[in-house]
Number of protein chains: 2
Amino acid sequence: MTEDLVLGRQVCFALYAASRALTDVYRPILDEHGLTYPQYLVLLVLWEHDDDALTVSALGAALRLDSGTLSPLLKRLEAAGLVVRTRSAADERRVEVGLTGRGRALRERMGDVPRRVGSATGLTEAELVFLHGILTRVTETIHRHKEQ
Amino acid sequence: MTEDLVLGRQVCFALYAASRALTDVYRPILDEHGLTYPQYLVLLVLWEHDDDALTVSALGAALRLDSGTLSPLLKRLEAAGLVVRTRSAADERRVEVGLTGRGRALRERMGDVPRRVGSATGLTEAELVFLHGILTRVTETIHRHKEQ
DNA sequence: GCCCGATGAGTTGTGCACAACTTGATTGCG
DNA sequence: CGCAATCAAGTTGTGCACAACTCATCGGGC
C-alpha cells in the first residue's frame, strides 16, 4: 500500500524528469534554427495541415495550449518571419495562422530532427510504440476525468 | 522510415502532453495546501531525508534542477514557513535547507495525495511499473549521452 | 432590430525552467 | 604562503504554462 504510493509518485516524477530531459535533447538542435520546443510543435501542426491556415483555437486544441500561451508565442514566430496572423474576414473574432515561404521551407531543413532526437532516447521501436500508447491513454483518461 | 519519424515525434509530444496533464491533476489537490508541483517535489525529497538538512545542490541533483530554479522556489517555501535556509558554518558557500515543524507536519496531512493522483491516471499497477521503468531509462540514457 | 449569453483572442500576473552571469568562499598547486 | 581555478548560491533575462480577466464579435431568441 505504502509502496504503491511511493511508486505512484515516482512515476509522476519520472514523467516530469523525462519530459524535461527530452526537451534538453531538442534544445541545441532547435537552437540551430532559432526555435524553442513549443514553437517547433506549433510548426509541426501547421506543416501537417500544409496550406490550410489554422485558427489559434485549433492550434490550441491540437497542442492543448490556451491563447494565453499561444498568443505571445505566435507573435514571436511572426516576428521571426515563419508565420502570418490574419483576422478572419468571415468571423472577426478568429485569427488565422498560416505559414510563410520561410516557414514552409524550414520543414525540409528540419527533416532530420526526429531521427536525431529519437536516437538519443536509446529506445527500440517497440518500446516507443508501447510508451506512446500508455502516455496517450494517461493523457486522455485525465482529460476525460476533468470534463466530468 | 517516415513513419518512424512521425511516431518519434508523437512520442515526444505524448510525453510533453502527459506531463502537463498530470500536473493538471496535481494542481487543485496541491492548491489546497498552497503548493505548486515543483514545491511539492522539493518537500518529498526533504521528507525522504527526514531530519537531515540538504544543500541546494543536493536538492538540485535529486530533482535535476539548478540554483536558478531552486533559489526563488526555496525562498517562497521559506516565506510559507515550511523550510528554513541556513548558511553552512563549515562551508560558507553552502546553504542547508531543512524542514520546519509546519513543513514536517504537512507530510501527514498530504499522505493521501499520491493515491488521489494515481487513481486519476487510470493505469494498473503493472502499467505504472512498466512506465516507470521506460521513463527512468530514457532520462538516464539522455543524461549519460550528455556527459560525453 | 435588439439584447444577452457565448465565443475567440489577447493581456496581466505568478511561477517554473534554463542560460549566462555575478559574488563570495574554498581548494589545490607551485 | 599566495593565488588561480573551482565551486555554491544567487541574480537577471527570456520563454513557456496557466489562471483570471478584458474586449470585441458573433448568434439565437424575442
Side-chain angles (χ1 to χ4, degrees), chain A residues 13 16-28 30-31 34-43 53-61 63-80 83 85-97 139 142-143 146, chain B residues 13 16-28 30-31 34-43 53-61 63-80 83 85-97 143 146:
Chain A
F13 173 66
Y16 164 79
S19 179
R20 282 189 300 127
L22 208 50
T23 63
D24 279 353
V25 175
Y26 274 101
R27 192 170 298 110
L30 296 181
D31 199 51
L35 292 176
T36 65
Y37 182 60
Q39 289 168 10
Y40 172 65
L41 291 179
V42 166
L43 290 180
L54 290 176
T55 64
V56 175
S57 312
L59 278 169
L63 300 172
R64 299 195 185 279
L65 291 171
D66 66 4
S67 70
T69 299
L70 285 175
S71 286
L73 188 156
L74 291 171
K75 229 160 155 178
R76 283 186 283 270
L77 281 182
E78 189 171 44
V83 305
R85 294 182 305 154
T86 48
R87 283 275 160 195
S88 161
D91 185 341
E92 290 272 341
R93 289 172 305 181
R94 296 167 183 268
V95 166
E96 319 228 307
V97 182
T139 305
I142 289 172
H143 282 105
K146 222 169 51 175
Chain B
F13 174 65
Y16 164 78
S19 179
R20 282 188 300 128
L22 207 51
T23 65
D24 280 353
V25 176
Y26 274 102
R27 192 170 297 110
L30 296 180
D31 199 52
L35 292 176
T36 64
Y37 182 61
Q39 288 168 10
Y40 172 65
L41 290 179
V42 166
L43 289 179
L54 291 176
T55 64
V56 174
S57 312
L59 278 171
L63 299 172
R64 299 194 182 281
L65 292 171
D66 66 4
S67 70
T69 300
L70 285 174
S71 286
L73 188 156
L74 292 170
K75 229 161 158 178
R76 284 185 284 270
L77 282 181
E78 189 172 44
V83 305
R85 293 182 304 153
T86 49
R87 282 275 161 195
S88 161
D91 185 341
E92 290 272 339
R93 289 174 305 181
R94 296 166 184 268
V95 166
E96 319 228 306
V97 181
H143 282 105
K146 222 169 51 176

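Residue numbering restarts at 1 for every chain, and letters A, B, ... go by the order of the sequence lines.
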Does C:dG10 have OP1 or OP2 under 4.0 Å away from a side-chain N or O of A:R85? yes
Let me know the distance between CZ of B:R87 and C1' of C:dA25, rounded to the nearest Å. 9 Å
Can you say whether the rings of A:Y26 and A:Y40 are parallel (under 30°), tilted (30 to 60°) or perpendicular (over 60°)? tilted
Extract from the structure each pairing of a protein N or O with an N or O of nucleotides 4-8 of chain D at less than 3.5 Å, listing the distance.
{"unit_1": "D:dC7", "atom_1": "O2", "unit_2": "B:R93", "atom_2": "NH1", "d": "3.3"}

Side-chain donor or acceptor of A:T23 paired with backbone N/O of A:R20 under 3.5 Å: yes
Starting at CD of A:E96 and ending at C1' of C:dG8, how long is that distance when rounded to a whole Å? 12 Å
Reported CZ-to-OG1 distance for the pair A:R94 and A:T86, which is rounded to 0.5 angstrom: 12.5 Å
Reckon B:T69 has a side-chain N or O less than 4.0 Å from the OP1 or OP2 of C:dA17? no
Which of residues 16-24 of chain A have a heavy atom under 4.0 Å from DNA chain C? A:Y16, A:R20, A:D24
Could you give the CG-to-P distance, from A:L70 to C:dT12, as a whole number of Å? 18 Å
So for B:S67 and D:dG10, does any side-chain atom that can act as donor or acceptor lie under 3.5 Å from a complementary atom in the base? yes
With a 4.0 Å cutoff (strictly under), does any side-chain N or O of A:R76 reach OP1 or OP2 of D:dT14? no
Below 4.0 angstrom from OP1 or OP2 of D:dA19, is there any side-chain N or O of B:R27? yes
Would you find a donor on one side and an acceptor on the other, under 3.5 Å apart, between the side chain of B:D24 and the backbone of B:R27? no
Any base atoms under 4.0 Å from A:L73, or only sugar-phosphate, or nothing? Heavy atoms, all strands. sugar-phosphate
Once rounded to the nearest 0.5 Å, what's the spacing between atom OG of A:S71 and atom CG of A:L65? 11.0 Å
Which residue lies toward the 5' end of DNA chain D, A:D66 or A:E92, if each is placed at its nearest nucleotide? A:D66
Tell me the interatomic distance from A:H143, atom NE2, to D:dC18, atom C1', rounded to whole angstroms. 12 Å
What's the CG-C1' distance between B:L74 and C:dG15, to the nearest Å? 14 Å
Kindly indicate whether the side chain of A:T139, heavy atoms from C-beta on, has any atom under 4.5 Å from the side chain of A:R64. yes
What is the minimum heavy-atom distance between A:I142 and B:A21, and which atoms define it? CG2-O, 3.7 Å
Just to be sure I understand the rule, does A:T36 reach a base, reach only the sugar-phosphate, or reach nothing, if contact means heavy atoms closer than 4.0 Å? sugar-phosphate
Indicate whether OP1 or OP2 belonging to D:dC16 is found under 4.0 Å from a side-chain N or O atom of A:K75. no
For B:A90, answer base if it contacts any base atom (sugar-phosphate contacts may also be present), sugar-phosphate if it contacts only those atoms, and nothing otherwise; contact means non-hydrogen atoms under 4.0 Å. sugar-phosphate
Picking from A:L54, A:L73, A:L35, A:T36, what satisfies side-chain contact (heavy atoms from CB on, under 4.5 Å) with A:V42? A:L73
Residue met sooner reading DNA chain C from 5', once B:S88 and B:L65 are mapped to nucleotides: B:L65
